[in-house]
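Data first, discussion second: the structure below is written as C-alpha cells.
Proteins get letters first, then strands, A, B, ... in listed order; numbering begins at 1 in each. Values below: every heavy atom of this structure, side chains too, minus hydrogens, waters and symmetry copies.
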2 protein chains.
Amino acid sequence: MALRRQVCFALYAASRATTALYRPLLDELGLTYPQYLVLLVLWERDGRTVKELGEELRLDSGTLSPLLKRMEAAGLVARHRTAGDERVVEVRLTAAGTELQARARSVPATLVAATGLDRKTLVELRDTLTTLASTMDIAAAELAAKKK
Amino acid sequence: MALRRQVCFALYAASRATTALYRPLLDELGLTYPQYLVLLVLWERDGRTVKELGEELRLDSGTLSPLLKRMEAAGLVARHRTAGDERVVEVRLTAAGTELQARARSVPATLVAATGLDRKTLVELRDTLTTLASTMDIAAAELAAKKK
DNA sequence: CCTGGTTTGGTTGTGCACAACTTAATTGCA
DNA sequence: TGCAATTAAGTTGTGCACAACCAAACCAGG
C-alpha cells in the first residue's frame, strides 16, 4: 500500500489517534485538547497575551479568539485589554481554571503509558518531531516570503 | 516550558506543520490534504467502497461523506450504489481524477526534501509513528468496549 | 417467511484550523 | 507633528474530524 509508505500519513494518523485517546480523559474535565494546551501554558505562567499563546501553540487569532471565548464562557479564563497597549488582550486563569490543574495531573502519565513505548524512544520521537516541525515552519515561512 | 516536554504536543505541531507545507502544492491541484489521501488510495486501486476508504484513512462516514461529495462536485470521483448490496457505495476515479496523478507525482519527493531528515531517520520515524498509532487505536477501542 | 438485530452510508451539530479580511491602536519616519 | 505602515485581536467563510443519531438494506434465528 502506497499510503503505508508515507511518513506524512503516519504523522497525520498518529496525531489523530493521540487526540482520540486524550478525548475521554479531557471530556471529564470539560476540555478539548487545544483548550487543555492553553491551560498547560497558563498553568506554567499565568497572564499571557493572545499573541504569546499563539506563538507557544503555533495557532493564529482566527483559531484562538473563538477558542478563548468558549473558555471564558466556561469560566476557565478571563480576558482583559491591557492598560499600556489597548490592542493587547491578556488571558488569565480564573479560580476554576487554576483548580482544574489538580484534576488534570494524571493525564500526561496516562497518555505516556498508553503509547506502549519506552522513555528513550519517546524522548527520541519528541526530539525528531520538534526538529521536523521547526524545519517545516521555516520552510513554510520562506515559501510565504518568496510568494510575496 | 512544560509544553516542550510533551510528545503529544510535538506530534500535534508536527502534523499541522506538515499539512501546512502540503497546502501550497495541493492548492495548485485544487485539493486538500484529506482529498489527496483519498486519491492516493484510489490511484493504488480504483473502485473502493466508502467503508474501505474509511479503514485505510481511519476516517468515519461523518467525515468521508461530505468530503467525497465535494470531490464528486469537483469532478474527481463518481459514487454509485453497488448492484449486489444497495447499502454499499463504490467510489471511482473520473478521467480528471486519474489524470491528476501525473500532476501530483512530484509532491511526495518535495515534502521529503523539505523535512531535512535523512532517509534512515524518516523510515524509523514512520515505523515508530505507525506502531504508535495502532497501539493508540487498540487502546481507544478497548476503552470504548469497556465503556459499553 | 419474518422479525429483531446488524451493517452501510448519510445527516446534524460542535469545535478546531486556517485563509482572507476588518478594526482599532500604536509606531516610526519624513 | 502628521500620516502611512505596522501590529494585535477579532470576524467570516470553508473544510475537516468526530460524536450522536438516522434510514434503508441486509441477514439470521426461529
With a cut-off of 3.5 Å and sequence neighbours excluded, list every side-chain donor-acceptor pair involving residues 68-77 of chain A.
from    : atom 1 : to      : atom 2 : distance (Å)
A:Glu72 : OE1    : A:Arg79 : NE     : 3.2
A:Glu72 : OE1    : A:Arg79 : NH2    : 3.3
A:Glu72 : OE2    : A:Arg79 : N      : 3.0

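- A heavy atom lying under 4.0 Å from DNA chain C marks the following residues of residues 77-87 of chain B, by number: B:Arg79, B:Arg81, B:Arg87.
- Within the structure, every side-chain polar atom (N or O) of A:Tyr12 is placed at least 4.0 Å from both OP1 and OP2 of D:dC16.
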Under 3.5 Å donor-acceptor pairs involving side-chain atoms of residues 13-20 of chain B, not counting sequence neighbours:
from    : atom 1 : to      : atom 2 : distance (Å)
B:Arg16 : NH1    : A:Arg58 : O      : 2.8
B:Arg16 : NH2    : A:Leu57 : O      : 2.8
B:Arg16 : NH2    : A:Arg58 : O      : 3.4
B:Thr18 : OG1    : B:Ala14 : O      : 2.7
B:Thr19 : OG1    : B:Ser15 : O      : 2.9

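- Scored by the side-chain contact (heavy atoms from CB on, under 4.5 Å) test, A:Ser65 finds A:Ser61 as partners (sequence neighbours excluded).
- Under the 4.5 Å side-chain criterion, counting only non-hydrogen atoms from C-beta, B:Phe9 is not in contact with A:Thr130.
- In terms of the ring pair (Phe, Tyr, Trp, His ring centres under 6.0 Å) criterion, residue partners of A:Tyr36 (sequence neighbours excluded) are, by chain and number, A:Tyr22.
- Under the side-chain contact (heavy atoms from CB on, under 4.5 Å) criterion, A:Thr49 pairs with A:Lys51, A:Glu52, A:Val88, not counting sequence neighbours.
- Computed from coordinates, the B:Arg16 CZ to C:dA19 P distance equals 11 Å when rounded to whole Å.
- Whole-Å rounding puts the B:Phe9 CZ to C:dA17 P distance at 11 Å.
- Rounded to 10 degrees, the angle between the two end axes of the helix from C:dC1-D:dG30 to C:dA30-D:dT1 is 10°, with five pairs used at each end.
- Atom P of nucleotide D:dT7 and atom CD of A:Glu55 are separated by 12 Å, given to the nearest angstrom.
- The side chain of A:Thr32 has C:dG15 as its nearest neighbour among C:dG15, C:dT8, D:dA9.
- The shortest side-chain heavy-atom distance between B:Val112 and B:Leu122 falls under the 4.5 Å cut-off.
- The distance from atom OH of A:Tyr22 to atom P of D:dC18 is 16 Å, rounded to the nearest whole Å.
- With sequence neighbours excluded, the residues forming a side-chain contact (heavy atoms from CB on, under 4.5 Å) with B:Thr128 are A:Leu117, A:Thr121, A:Leu125, listed by chain and number.
- Heavy atoms of B:Thr19 sit nowhere under 4.0 angstrom from any nucleic acid atom.
- Note: CG (B:Leu26) to C1' (D:dT14) measures 16 Å, nearest angstrom.
- As a whole-Å value, the separation of A:Arg23 CZ from C:dG15 C1' is 10 Å.
- Pairs of residues two or more places apart, or lying in two chains, that qualify as salt bridge (charged side-chain N to carboxylate O under 4.0 Å, His left out) and include a residue from residues 96-125 of chain B are B:Lys120-B:Glu124.
- For B:Thr63, the side-chain contact (heavy atoms from CB on, under 4.5 Å) partners two or more places apart in sequence, or in a different chain, are B:Leu59, B:Asp60.
- In the region residues 61-72 of chain A, proximity to DNA chain D at under 4.0 angstrom, judged on heavy atoms, holds for A:Ser61, A:Gly62, A:Ser65, A:Lys69.
- One can place CG of A:Asp60 at 12 Å from P of C:dA20, the figure rounded to the nearest angstrom.
- Rounded to whole Å, the distance from CG on A:Leu59 to P on C:dG15 is 16 Å.
- The stretch residues 84-94 of chain B participates, sequence neighbours left out, in these salt bridge (charged side-chain N to carboxylate O under 4.0 Å, His left out) pairs: B:Asp46-B:Arg92, B:Asp85-B:Arg87, B:Glu90-B:Arg92.
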